[in-house]
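Shown next, in C-alpha cells, is the structure this report addresses.
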Amino acid sequence: MTVNAPGMRTETGTPTWRSLYFVAGIGSIVFVLLLISALVIDFIAPPPVDGGAETLEFIAANKVPYVLEQVLWILPNVLAVLVFVALFIALFPVNKSLALIGAILGGLSWAMFLAIPVTSRGSLTLVYLSDQYMAATAAERERFAIAAEAIVAENNTPAIVAVLSAAGILLISIVMTRGVMPRAIGWLGVATGALGMLSEALRYAAPFFYWGYGILLWVWFIAVGVALIMLGRRTPRVSGPGALPLHPTTG
C-alpha cells in the first residue's frame, strides 16, 4: 500500500475499476438513447391512456411497435442499475454512507422497474390480454377489457418507487459535489433529484414538472456517462505508486 498524503492511500499492484467505469459510462449514454427511441415510437403510435377495450384493440392493430416500445422502456433499466453501481464504487472514498444509501435507493429502484409489469405507457401483459380479447366472442370480451382497465389504472397511478429513484439521484449527487466526479454534474443531479421527487409525487397534477424532470434526468445520465468514461481513462488498469490517490473517507 502506498501512502500519498494523510488519509489518502492506494493499493499497490491490485486491479482497479477501470473497466467498470468504461462499461457503465457507455451504458449510461446507451440507456438514454434507448429511452429516446421508445419516446419516438410513442409519438408515432401513441397508445391509449384510458379504456381497457380501446387499449386492447389498439395493441392488436399495432402489436410490433407496441411491443418494441414496451421493451425499450423496460430493458434499459438494467443499464441504470450498472451506473449506480459504478457511481458507488467511484464515490465510496468520499462519503461511504451517502454513496451507499444513494446507490441502494437509485439502483434498487431502477431494478424494481424491471419487475413492475407497467411502464406508464403500457405493459407487456396487455399484449397477452389483447390476443385473448381478439380471439374471444363478443360476450367474453368484457372480462378481458376489465382486466386491461385495471392495468391501465396502474399505469396512471404515481409509483413510490419512482420517488425513491429520484431520491437516490439526489443523495448520490450530493456526494458527487464533494469530489472525484465533476462538481457541475453533481449539482445538476441535485436539481434533477429534487425536481424528480416533486414531479413524481405530483405527476398527474402537475405534468409540466414531470416533463422538465424527464429532460434533466436524461441530461444527467449522459453527463454521468461521459464523466465515468473520463474517470476510466484516468484510472490505471493496475494500481501502483503512480496511481490516482483516493480521497479521504468520511461518513
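Computed from heavy atoms alone, side chains included, the values below leave out hydrogens, waters and symmetry copies. Predicted model only: the values in this text are computed from it and were never measured.
Across every non-hydrogen atom of T235 and R18, the tightest pair is O-NH1, 2.8 Å. Minimum heavy-atom separation, S130 to A60: OG-N, 3.3 Å. Considering all non-hydrogen atoms of both residues, G186 and T177 come closest at C-CG2, 3.6 Å. Contact between M181 and V224 at its shortest, heavy atoms only, is CE-O, 4.4 Å. Closest heavy-atom contact between A103 and F84: CB-O, 3.8 Å.
Clustering ILVMFWY residues whenever any of their side-chain heavy atoms sit less than 4.5 angstrom apart, transitively, puts L129 in a cluster other than the one holding I146. Hydrophobic clustering of Ile, Leu, Val, Met, Phe, Trp and Tyr side chains at less than 4.5 Å, counting indirect connections, keeps V152 apart from Y128. When the side chains of ILVMFWY residues are joined at heavy-atom separations under 4.5 Å, either directly or via intervening members, V64 and V40 end up in two distinct hydrophobic clusters.
The distance from the CG atom of L33 to the CH2 atom of W218 is 10.0 Å, given to the nearest 0.5 Å. Atoms CG and CD1, from L124 and I151 in turn, are 10.5 Å apart once rounded to the nearest 0.5 Å. Of the inter-residue distances, the one linking I160 atom CD1 with L164 atom CG reads 7.0 Å to the nearest 0.5 angstrom. Here the straight-line distance linking atom CD1 of I169 with atom CE of M176 works out to 9.5 Å at 0.5 Å rounding. A distance of 11.0 Å separates CG of L170 from CG of L195, quoted to the nearest 0.5 Å.
Counted within 6.0 Å of CH2 on W17, heavy atoms from surrounding residues, nucleotides or ligands total 12 or fewer; the atom is thus considered open.
Here the side chain of N62 pairs no donor or acceptor atom with the backbone of P65 at under 3.5 angstrom.
Using a 4.5 Å heavy-atom cutoff, the side chains of I229 and I29 are in contact.
Checked against salt bridge (charged side-chain N to carboxylate O under 4.0 Å, His left out), R121 has the following partners two or more places apart in sequence or in another chain: D42.
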Please report, to 0.1 Å, the donor-acceptor pairs under 3.5 Å made by any side chain of residues 46-58, with sequence neighbours excluded.
residue : atom : partner : partner atom : Å
T55     : OG1  : G51     : O            : 2.7
E57     : OE2  : Y133    : OH           : 3.1

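Inspection of the W110 and S165 side chains reveals an N or O donor paired with an N or O acceptor under 3.5 Å.
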